Asker: 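Take a look at this one; I'll ask things after.
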Amino acid sequence: MGRFPWTARDVPVPPPEAEADNQLPPFIEARNLTRRFGGITAVNGVNLSVAQGEIFGLLGPDGAGKTTMLRMLCGLMDPSEGEARVAGCDCSRETDAIKDSIGYMAQRFGLYGDLTVRENMLFYADLFGLAASDVEPLMLELLRMTRMEPFQQRQAGRLSGGMKQKLALMCTLLHHPRVLFLDEPTNGVDPLSRRDFWDILYRLVADGLTVFLTTAYLEEAERCNRVGLMHHGRLIRCDTPDALKRETGEEHFEDVFVALIGSADA
Ligand SMILES: Nc1ncnc2c1ncn2[C@@H]1O[C@H](COP(=O)(O)OP(=O)(O)O)[C@@H](O)[C@H]1O
Ligand SMILES: [Mg+2]
């Protein structure tokens with residue numbers, strides 16, 4: 001498989017463990033990021049940085065503030081306080097540049113059920129102002145990589161849940177983003193398709209992409225380089241899965257999660 005066009009990797013990818021003495025500027029950074037809705041503080045003073053080439057997972061119970069966090073990083077929602085930068089741009093002031101650098105796959109990504117796989121991809125290419133002839137080579141490469149080539153003439157409404165998610169992922173990649181933001185990308189997808197989806201993510205990261213995702217699946221959090229644990233709007237931990245296991249003395253991530261949430265509540 002040829003390398004993807006977003007491989008313009010200007011900096012070497014540091015091992016995530018080496019972050020403390022990493023001299024590179026963070027690729028995704030939040031400083032005191034806060035968002036209130038009336039009396040609710042959905043995201044509360046979050047500080048966080050992610051290096052280029054990382055797979056970072058935001059984990060937390062429903063209502064923890066994951067989606068709100070993601071929407072601010074994508075420039076879709078202004079923070080009440082604090083600031084965020086992605087790929088060198090301010091998320092609330094440089095929204096056009098942010099849109100060019102990121103791919104955002106919302107929790108309910110808008111696919112057109114009566115359009116085919118190919119037509120959905122062309123529709124999204126058009127939204128990004130890309131000509132069909134220009135995206136054709138990348139489209140073919142993505143269809144091959146996701147093993148969706150045989151289904152390109154199938155209506156999106158007739159795809160399985162796993163295939164729909166792969167199609168949504170392909171649609172978010174057509175404009176060559178440098179960072180992918182995925183909001184619970186494998187929610188409701190069967191375990192085999194979920195593993196398939198992760199294999200694709202690893203290949204994209206090997207080709208230079210940075211991935212920031214939210215998940216409610218604990219086994220999925222373990223596949224990330226680092227995990228941020230959110231609870232009631234606060235980032236209560238941010239570390240490698242192994243470090244979180246060591247801290248809690250737990251072997252299974254489910255127990256790690258319960259222990260950390262429990263101690264935050266206490
Ligand atoms: N647009 C909104 N208006 C009012 N409250 C909201 C809005 N979006 C999110 N919230 C509230 O903010 C909190 C965090 O929500 P959300 O970011 O969706 O969490 P998560 O994605 O972790 O489930 C919840 O209490 C939710 O009800
Ligand atoms: Mg959410």
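For clarity, every value in this text was computed on a predicted model and none was experimentally measured.
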Asker: Count the heavy atoms of every other residue, nucleotide or ligand shown that sit under 6.0 Å from CD of Gln107, and state whether that count exceeds 12.
Answerer: yes
Asker: Between Phe128 and His175, what is the ring plane arrangement, given parallel below 30°, perpendicular above 60°, and tilted in between?
Answerer: parallel
Asker: Counting heavy atoms not belonging to Gln153, are there more than 12 under 6.0 Å from its CD?
Answerer: yes
Asker: Under the 3.5 angstrom rule, does the side chain of Ser263 hit a backbone N or O of Leu260 as a donor-acceptor pair?
Answerer: yes
Asker: Check ring-ring contact (aromatic ring centres under 6.0 Å, His included) between His231 and all other residues, then give those that pass, not counting sequence neighbours.
Answerer: none
Asker: When you look at CZ of Arg223, are more than 12 heavy atoms from neighbouring residues, nucleotides or ligands closer to it than 6.0 Å?
Answerer: yes
Asker: Taking Thr214 for its side chain and Asp183 for its backbone only, find out whether a donor-acceptor pair lies under 3.5 Å.
Answerer: no
Asker: Examine distances only and state if a side-chain atom of Lys66 and a backbone atom of Met230 form a donor-acceptor pair shorter than 3.5 Å.
Answerer: no
Asker: Which of these, Leu143, Ile200, Leu138, sits in a side-chain contact (heavy atoms from CB on, under 4.5 Å) with Met170?
Answerer: Leu143
Asker: Can a donor-acceptor pair be found, under 3.5 Å and without considering hydrogens, that links the side chain of Ser80 to the backbone of Arg36?
Answerer: yes
Asker: Should Glu222 and Lys245 count as an ion pair when the cut-off is N to O under 4.0 Å?
Answerer: yes
Asker: Does a sphere of radius 6.0 Å around CZ in Arg154 hold more than 12 heavy atoms from other residues, nucleotides or ligands, not counting ones at 6.0 Å or beyond?
Answerer: yes
Asker: Can you see whether Ser193 engages Gln165 through a side-chain donor-acceptor pair at a distance of less than 3.5 angstrom?
Answerer: no
Asker: In terms of side-chain geometry, is the basic nitrogen of Arg85 or Glu83 positioned less than 4.0 Å from the acidic oxygen of its partner?
Answerer: no
Asker: Between Glu94 and Asp90 (side chain of the first, backbone of the second, donor and acceptor by atom type, cut-off under 3.5 Å), is there such a pair?
Answerer: yes
Asker: Is it the case that the ring center of Phe56 lies less than 6.0 angstrom away from the ring center of Phe212?
Answerer: yes
Asker: Taking atom CG of Asp62 as the centre, does the number of heavy atoms from other residues, nucleotides or ligands within less than 6.0 Å exceed 12?
Answerer: no
Asker: For the pair Asp239 (side chain) and Leu244 (backbone), establish whether a donor and an acceptor sit closer than 3.5 Å, ignoring hydrogens and angles.
Answerer: no
